[in-house]
Protein chains: 2
Amino acid sequence: MPAQRFADRIAELGLSPPQTGLLRVVAMRPGQSQQAIANQLGTPPSRLVALVDGLEQRDLIERRRNPDDRRHHALYLTEAGVRFMAQLAVIGKEHEDAMCAGLDPAERGQLLGLLSRIAVEQGLTPMVHPGYRAMAEQPD
Amino acid sequence: MPAQRFADRIAELGLSPPQTGLLRVVAMRPGQSQQAIANQLGTPPSRLVALVDGLEQRDLIERRRNPDDRRHHALYLTEAGVRFMAQLAVIGKEHEDAMCAGLDPAERGQLLGLLSRIAVEQGLTPMVHPGYRAMAEQPD
DNA sequence: TATTGTTATACTCTATAACTATA
DNA sequence: TATAGTTATAGAGTATAACAATA
């Protein structure tokens, strides 16, 4: 249920989990093309279109055409997007607290450490939810 | 990716994750009606139909009409179903080992303990994947 | 001709509601 | 009239392939 509860929380703000993940990617490294992001997430570029549309309609990110190569749409956060990321950080923190209720701080640290090691061991890309990755994932 | 990798493993055997979960429920307590199971899993009864159909076609479970009330279909494992459950246990074990590679036995125990406490704390029904639960869940 | 983004299409999964058969 | 199971229908989410614009 953890994932569902997080989804419920961000749904109150009108965003889906995949949109939220994309927003975080744009926040982490603004200015990337949709192709670059699709490659990074391991998802078909066509899937990004609807996600980007949604975030752009909510004025959280914007597409900027590259004048040098007008095929590229570089993605950037808007000011509202920056503010939204701050909200998101709060929600993430609250969610983590709620999930770890019943564990004392030392145990939380243990859990985080163990899970992080598993993530590394399994080759998961940091900050990228595995749900984006459909098939093979070729690094740049 | 853990969930996806497990899905891939059982897909080799021709089963989907929801089917696998249902099979386990039937194995745990044979003879329940589809309504009872739907209630237990927190899923609409209509969803069970296709899952049961699939398992029945693969001869892993069987529907038996209750002569006293012919509306009920009690679900039972077939012999093949029992054998399949044994295979499933092996796969589950292998999957867990693969996921925990990199952790020594003591750390695995720690992780299991911490996660179990979270599951209890969050009120998750033991042996039932949260993915079945759509909305409210009313106990019997 | 190749690449970026987009659109068109199809498929899977699921929930809701209508239906049937039994009671 | 009520209940167990089923079928019909519709919606969300996603992948694949075709397409338009640009290079």
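Just so it is clear, the values below take in all heavy atoms, side chains as well, and ignore hydrogens, waters and symmetry mates. Order of the sequence lines fixes the chain letters, A, B, ..., with proteins taken first and strands second; residue numbering starts at 1 for each chain.
- If you check every strand for non-hydrogen atoms under 4.0 Å, A:Gln35 touches a base.
- Taken to the nearest 0.5 Å, the CG atom of B:Leu15 stands 10.5 Å off from the CD atom of B:Gln87.
- Regarding A:Leu22, its CG atom lies at a distance of 15 Å from the C1' atom of D:dT14, rounded to whole Å.
- Using a 4.5 Å heavy-atom cutoff, the side chains of B:Gln34 and B:Pro45 are not in contact.
- In this structure, A:Leu75 places its CG atom 12 Å from C1' of C:dT4, rounding to the nearest Å.
- For the pairing with B:Thr78, the side chain to side chain contact (heavy atoms under 4.5 Å, CB included) check across B:Glu56, B:Glu62, B:Arg83 returns one residue only, B:Glu62.
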Nucleotides 17-23 of chain D: protein proximity per nucleotide (B base, S sugar-phosphate only, - neither; heavy atom, under 4.0 Å): B----BS
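- Nearer to the 5' terminus of DNA chain D, by closest-nucleotide assignment, is the contact made by B:His72 (compared with the other of A:Leu51 and B:His72).
- Look at CG on B:Asp53: it is 19 Å from P on D:dA4, rounded to the nearest Å.
- Looking at A:Ser33, its side chain never comes within 3.5 Å of a backbone N or O of A:His72 through a donor-acceptor pair.
- Applying the 4.5 Å side-chain rule to ILVMFWY residues, one finds A:Leu103, A:Leu111, A:Leu114, A:Leu115, A:Ile118, B:Leu103, B:Leu111, B:Leu114, B:Ile118 in the same cluster as B:Leu115.
- Counting to the nearest Å, the P atom of D:dA4 and the CD atom of B:Gln40 are 15 Å from each other.
- In this structure, the CD1 atom of A:Ile61 is 14 Å from the C1' atom of C:dG5, given to the nearest Å.
- Residues passing the side-chain hydrogen bond (donor to acceptor under 3.5 Å, both in side chains) test with A:Asp53 are A:Arg63, sequence neighbours excluded.
- The heavy-atom pair separating B:Tyr132 from B:Leu51 by the smallest distance is CE2-CD1, 4.5 Å.
- Among the protein residues, A:Ser16 comes within range of no part of the nucleic acid, since none of its heavy atoms lies under 4.0 Å from any strand.
- Distance B:Leu48 CG to D:dT6 C1': 12 Å, rounded to the nearest Å.
- If you take CD of A:Gln19 and P of D:dA12, they are 13 Å apart, rounded to a whole angstrom.
- Applying the 4.0 Å criterion to OP1 and OP2 of C:dG5, one finds that A:Arg47 has every side-chain N and O outside that range.
- The distance from atom CD of A:Gln4 to atom P of C:dT14 is 13 Å, rounded to the nearest whole Å.
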